[in-house]
Amino acid sequence: MSDQNLYDEIGDDHFASHHDTPMRKDAFELSNDEKIAKIEADFKNIMDTLGLDLTDDSLKGTPKRVAKMFVNEIFGGLHPDRKPKMSTFDNKYKYNQMLVEKDITVYSTCEHHFLPIVGKAHIGYISNGKVIGLSKMNRIVDYYAKRPQVQERLTMQIVKAMQDALGTEDVACVIDAKHLCVNSRGIRDIDSSTVTAELGGVFKTDPTTRREFLHYIGVHTKFNV
């Protein structure tokens, strides 16, 4: 199989090569303004190649709009300076049961076709003496979602960040999302969604804990992990 055919096949199969987002070492040498200027020029060339009239009032500002959106918004999670502070607090209530936050909105971008991934994330953890603010869980999902992604990697990155912040392996995340690279192109199946799970600590080793978590989030599928 040629390299190009291999890349095409991997793209359709949503293959994830590593749990870390692939980044070059010089990824942050350019300023945001410099990146916006380069992307604006590149996207203008794409639109021109497609035959669009860039003198039209509706289109002439599009290259800059897209460039600013890429750098400042939908791919803002690439920059480590934007990672939210994962402030934790002592578990003074001595609450030792599962805490679950469900239906956290996920807006991300498929790294194979640069089309949206839209869905919900559900996170659970059991305190090991520390608790984390509820909004921080939303923010960590948003941070890792704002980059070119595959859903498997996103799920793992969320769990790893929560484990590091809380000092415990007892963290779980399930994401259920639609991929527009499946829904709007290729097979064009508008009804299918993708479910991924990353289960750590007792969520992985204890079937009762796992079932409780899946019951809370309304998922009845058995994950054999």
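Just so it is clear, the model here is predicted, and its values are computed rather than measured.
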Exercise for review: Give a yes or no on whether a salt bridge exists between Asp26 and Arg24, defined as a side-chain N under 4.0 angstrom from a carboxylate O.
Suggested key: yes
Check your understanding: Is it the case that one hydrophobic cluster holds both Phe114 and Leu52, taking links as side-chain heavy atoms less than 4.5 Å apart, direct or via other members?
Key -> yes
Review point. With a 4.5 Å limit on heavy-atom distance, are the side chains of Met98 and Glu212 in contact?
Key: yes
Exercise for review: Check for a donor-acceptor pair, side chain of Tyr125 on one end and backbone N or O of Ile132 on the other, with a separation under 3.5 Å.
Suggested key: yes
Check your understanding: Within a strict 4.5 Å, meaning less than it, do heavy atoms of the Thr109 and Pro148 side chains meet?
Key -> no
Check your understanding: Is it the case that one hydrophobic cluster holds both Val174 and Ile158, taking links as side-chain heavy atoms less than 4.5 Å apart, direct or via other members?
Key -> no
Review point. Distance under 6.0 Å and angle within 45° of the ring axis: does Arg147 meet both against Tyr143?
Key: yes
**Study point:** Candidate pair Asp56 and Lys60, rule salt bridge (Lys or Arg N to Asp or Glu O under 4.0 Å), full reasoning
**Key:** CA-CA 6 Å; Asp56 184 90; Lys60 62 185 179 182; over 6 Å; no
Practice item. Answer yes or no: is there an ion pair linking Lys160 with Asp164, defined by an N-O contact shorter than 4.0 Å? Key: yes
Practice item. For the residue pair Thr105 and Lys120, confirm or rule out a side-chain donor-acceptor distance under 3.5 Å. Key: yes
**Study point:** Within-4.5 Å side-chain heavy-atom neighbours: Gln157 and Gln149
**Key:** yes
Review point. Got a second to check how far Ser127's OG is from Lys94's NZ, nearest 0.5 Å?
Key: 9.0 Å
Practice item. Check for a donor-acceptor pair, side chain of His122 on one end and backbone N or O of Asp103 on the other, with a separation under 3.5 Å. Key: yes
Check your understanding: Any side-chain heavy atom of Tyr95 sitting closer than 4.5 Å to one from Val131?
Key -> no
**Study point:** Within-4.5 Å side-chain heavy-atom neighbours: His179 and His113
**Key:** no
Point to revise | Chi angles and distances behind the side chain to side chain donor-acceptor pair (under 3.5 Å) call for Thr55, Asp53 | key: CA-CA 5 Å; Thr55 67; Asp53 181 4; 2.6 Å; yes
Point to revise | Check: Tyr93 side chain, Asn96 main-chain N or O, donor-acceptor pair, under 3.5 Å | key: no
Exercise for review: Could you check if a side-chain atom of Val195 sits within less than 4.5 angstrom of a side-chain atom of Ile175, using non-hydrogen atoms only?
Suggested key: no
Review point. Salt-bridged, Asp42 to Lys38, with N to O below 4.0 Å?
Key: no
Check your understanding: Between Lys130 (side chain) and Asn91 (backbone), is there a donor-acceptor pair under 3.5 Å?
Key -> no
Review point. Partners of Asp176 by salt bridge (Lys or Arg N to Asp or Glu O under 4.0 Å), sequence neighbours excluded?
Key: none
Review point. Side-chain heavy atoms under 4.5 angstrom apart, residues restricted to Ile, Leu, Val, Met, Phe, Trp, Tyr: same cluster for Ile140 and Val150?
Key: no
**Study point:** Expected output: side-chain Asp189 to main-chain Asn183 donor-acceptor under 3.5 Å
**Key:** no
Practice item. Measure the spacing between CD of Glu169 and CD of Gln163 and express it to the nearest 0.5 Å. Key: 4.0 Å
Review point. Should Ile123 and Met162 count as side-chain neighbours, where that means a heavy-atom distance under 4.5 Å?
Key: yes
Review point. Is the backbone N or O of Phe203 less than 3.5 Å from a side-chain atom of Arg210, with the two atoms forming a donor-acceptor pair by type?
Key: yes
Study note, to complete from the structure: When rounded to the nearest 0.5 Å, the distance separating CG of Leu166 from CG of Asn128 is 9.0 Å
Exercise for review: Side-chain contact test, heavy atoms from C-beta onward, threshold under 4.5 Å: evaluate it for Glu101 versus Asn138 and give yes or no.
Suggested key: yes
Check your understanding: Hey, are Gln151 and Thr196 close enough side-chain-wise for a donor-acceptor pair under 3.5 Å?
Key -> yes
Check your understanding: With no hydrogens and no angle check, is any side-chain donor or acceptor of Arg188 less than 3.5 Å from a backbone partner on Ser184?
Key -> no
Listing, residues 69-80 side-chain donor-acceptor contacts under 3.5 Å, not counting sequence neighbours, or none:
from	atom 1	to	atom 2	distance (Å)
His79	ND1	Asp81	N	3.1

Review point. Just wondering, are more than 12 heavy atoms of other shown residues or ligands nearer than 6.0 Å to CD1 in Ile190?
Key: no
Exercise for review: Indicate yes or no: does Lys68 engage Glu40 in a salt bridge with an N to O separation below 4.0 Å.
Suggested key: no
Review point. Given the rule in the salt bridge (Lys or Arg N to Asp or Glu O under 4.0 Å) test, do Lys44 and Asp48 qualify, once you have shown the distances and angles that lead to the verdict?
Key: CA-CA 6 Å; Lys44 183 177 181 180; Asp48 186 60; over 6 Å; no
**Study point:** Donor-acceptor pair, side chain of Asp170 and main chain of Val202, under 3.5 angstrom
**Key:** yes
